Protein chains: 2
Amino acid sequence: MNDLKKDNTEEKILNAAQNVFIEKGMDGARMQAIADEAGINKALLHYYFRTKEKLFNAIFTKVFSQIFPNLMTMVRSERPLEEKLGMFVETYIDLLQKNPFLPTFILKEMNRNPDFLAKIIKGSGVNPTEVIAMFEKEMDAGKIRRMDPRDILVNILGLSIFPIAAGPLITIMFFENDKAAYKAFIERRKKTVTEFVLNSILIK
Amino acid sequence: MNDLKKDNTEEKILNAAQNVFIEKGMDGARMQAIADEAGINKALLHYYFRTKEKLFNAIFTKVFSQIFPNLMTMVRSERPLEEKLGMFVETYIDLLQKNPFLPTFILKEMNRNPDFLAKIIKGSGVNPTEVIAMFEKEMDAGKIRRMDPRDILVNILGLSIFPIAAGPLITIMFFENDKAAYKAFIERRKKTVTEFVLNSILIK
DNA sequence: TTTTGATTTAACCAACTGGTCAAAAATAAA
DNA sequence: TTTATTTTTGACCAGTTGGTTAAATCAAAA
């Protein structure tokens, strides 16, 4: 068995599947479309990943675990809160801007199959304790006002994710379908979201 | 033609279709499932709405135009900003809590077919000018800090919608899959989201 | 009662979809 | 080279899906 060729085909499949699944979702994706995008035969697709479900699970797990841990490392840094938040928001919005279908994909599929989501989360060892502890430390230090740290995290995520997920709506309602204007709007939010959050939680 | 019977069947279909489409989305929904839920024959379903697409468009239009205008009336009231915002957030989160699949449904489908979304928005005459004008008036009056009013609106929507759309994730990560705890969390947010926003935009 | 038109149904169909299989091609081992 | 193993392919299949049709049922008008 040629490892190089095998790895190559498998990688081509994973890339193709990721593209198709993220855009169309589990129900909308077609095995034939994935095979086409990978430039291979449909039978070969089934040779590598026996079923659509197995392939989908592989992709969902991959995508999901690519996003969260990377951002955790940022939280762990020793920078002041303002900087950490700024970096997080900027990196995150940037990532989503480059993958505009990612938010709806994850949101839709986590609602379609919450059990599988639970399995992944438990398996990946990702838990938000660290982030929560960080916010609590800042509260103890009197730097930010007292509130449920979970609200802070959810708020940051909502402020970053929603504007991308609702991109088409915003583009039409606010910018008369001018995509460049929408893009600039999102670009600005890399700064304004941080300001908005800090303005709300910081004690002056 | 018996109007009563016709209306009744059509209404049964619309209700059933709304349930199925909102939960499964366009791709995941099955005409047979809709017929079953409506308690009728599949042929009858096609008799009332010739194609799946026509039925879906009817539902999407209906759902979409049910949500936005209702909330506009709230904005038009002469109450102070704090009250208006409080009412809006509370009503909106409450609506979403009762229809947890609504956010992902609309987000997913608006991304699947942005052209149709544009058509609906143009048709419904809904535009956010009024809300933007309202925020600008408050800025002129020195009540809230100067910023892009579109950001304020998007932020409020994101803070309200995202926690419902990401319900499964939050339930697992923050509440060890305890649905009641998640529900209480969302309940609390009816107040805390308003506080969070006011804290950020109000000039003290 | 008969007739007319709308409503409802069971049976059916063609296209699509995920998945299989046996054989061919390519690669590695002997 | 020959043999064994893995990778790739084209043809195929069974189940599903959206949609059709002709006939049956029903309600109201004549």
Side-chain angles (χ1 to χ4, degrees), chain A residues 1-63 105 108-109 112-113 115-116, chain B residues 1-63 105 108-109 112-113 115-116:
Chain A
M1 152 181 30
N2 187 338
D3 270 359
L4 256 182
K5 184 185 271 177
K6 190 188 175 186
D7 283 3
N8 202 302
T9 312
E10 195 167 326
E11 209 175 311
K12 276 196 303 184
I13 291 177
L14 286 171
N15 274 335
Q18 182 163 334
N19 290 339
V20 176
F21 274 132
I22 285 183
E23 182 171 342
K24 307 274 189 179
M26 168 65 165
D27 293 329
R30 296 286 160 252
M31 291 300 268
Q32 187 60 59
I34 295 173
D36 290 348
E37 175 130 351
I40 57 161
N41 194 288
K42 190 171 60 126
L44 190 57
L45 186 58
H46 283 278
Y47 172 77
Y48 277 85
F49 298 85
R50 240 164 311 164
T51 67
K52 184 183 183 185
E53 206 193 331
K54 278 191 207 308
L55 179 57
F56 175 83
N57 288 354
I59 296 297
F60 189 80
T61 308
K62 185 188 158 204
V63 168
F105 169 70
K108 170 87 222 212
E109 300 306 333
R112 195 181 62 90
N113 193 355
D115 291 341
F116 185 62
Chain B
M1 155 179 30
N2 186 338
D3 271 359
L4 257 181
K5 185 187 269 178
K6 191 189 176 184
D7 284 3
N8 202 301
T9 311
E10 195 167 327
E11 208 175 312
K12 276 197 302 184
I13 291 177
L14 286 171
N15 274 334
Q18 182 163 335
N19 291 339
V20 175
F21 273 131
I22 285 183
E23 182 171 344
K24 308 273 188 178
M26 169 63 165
D27 293 328
R30 296 286 159 254
M31 292 300 268
Q32 186 60 60
I34 295 172
D36 289 348
E37 175 129 352
I40 57 162
N41 194 287
K42 190 170 61 124
L44 189 56
L45 186 59
H46 283 279
Y47 173 77
Y48 276 86
F49 297 85
R50 240 165 311 163
T51 68
K52 185 185 181 182
E53 207 192 331
K54 277 190 207 309
L55 179 56
F56 174 83
N57 287 353
I59 296 297
F60 189 80
T61 308
K62 185 186 157 205
V63 167
F105 169 70
K108 171 85 220 211
E109 302 305 334
R112 195 179 62 90
N113 193 355
D115 291 341
F116 184 63

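Just so it is clear: chains get the letters A, B, ... in the order the sequence lines come, proteins before strands, and each one is counted from 1. No experiment lies behind these values; they were computed from the predicted model shown.
An OP1 or OP2 oxygen of C:dT9 is reached within less than 4.0 angstrom by no side-chain nitrogen or oxygen of B:Y47. The side chain of B:R30 places no N or O atom within less than 4.0 Å of a non-bridging phosphate oxygen (OP1 or OP2) of D:dT16.
With sequence neighbours excluded, the residues that form a side-chain hydrogen bond (donor to acceptor under 3.5 Å, both in side chains) with B:D36 are B:Q32.
The separation between B:Q32 atom CD and D:dG15 atom C1' is 14 Å, rounded to whole Å. To the nearest angstrom, P of D:dT9 lies 12 Å from CG of A:D36. The NZ atom of A:K12 sits 14 Å away from the P atom of D:dT7 (whole-angstrom rounding). Taking atom CG of B:N8 as the reference point, atom P of C:dT8 lies 9 Å away to the nearest angstrom. Per the geometry, CG belonging to A:L45 stands 13 Å off C1' belonging to C:dT17, to the nearest Å. Nucleotide C:dT7 holds its C1' atom 11 Å from the CD1 atom of B:I13, rounded to whole Å. What separates CG of A:L44 from P of C:dA25 is a distance of 16 Å, to the nearest Å. One interatomic measurement links the two molecules: CD1 of A:I34 to P of C:dG19, which rounds to 11 Å at whole-angstrom precision.
The closest donor-acceptor contact from the side chain of B:K108 to the backbone of B:M26 lies at 3.5 Å or more, if one exists at all.
Closest approach of B:N15 to B:K62, counting heavy atoms only: OD1-NZ, 4.4 Å. Scanning all heavy atoms of the two residues, the minimum distance from B:I13 to B:I34 falls at O-CG2, 4.4 Å.
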Where do N or O atoms of nucleotides 19-21 of chain D meet protein N or O atoms at under 3.5 Å, pair by pair?
residue, atom, partner, partner atom, Å
D:dG19, OP2, B:K52, N, 2.6
D:dG19, N7, B:K42, NZ, 2.9
D:dG19, O6, B:K42, NZ, 2.6

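Between B:F21 and B:F56, the ring planes lie perpendicular to each other; the angle is over 60°, past the 30° to 60° tilted range.
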When you look at B:E37 and B:N19, which way does the side chain to side chain contact (heavy atoms under 4.5 Å, CB included) test go after all the steps? CA-CA 9 Å; B:E37 175 129 352; B:N19 291 339; 2.9 Å; yes
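At least one side-chain heavy atom of A:Q18 sits less than 4.5 Å from a side-chain heavy atom of A:V63.
Heavy atoms of A:A29 sit under 4.0 angstrom from primed sugar atoms or phosphate atoms, though from no base atom.
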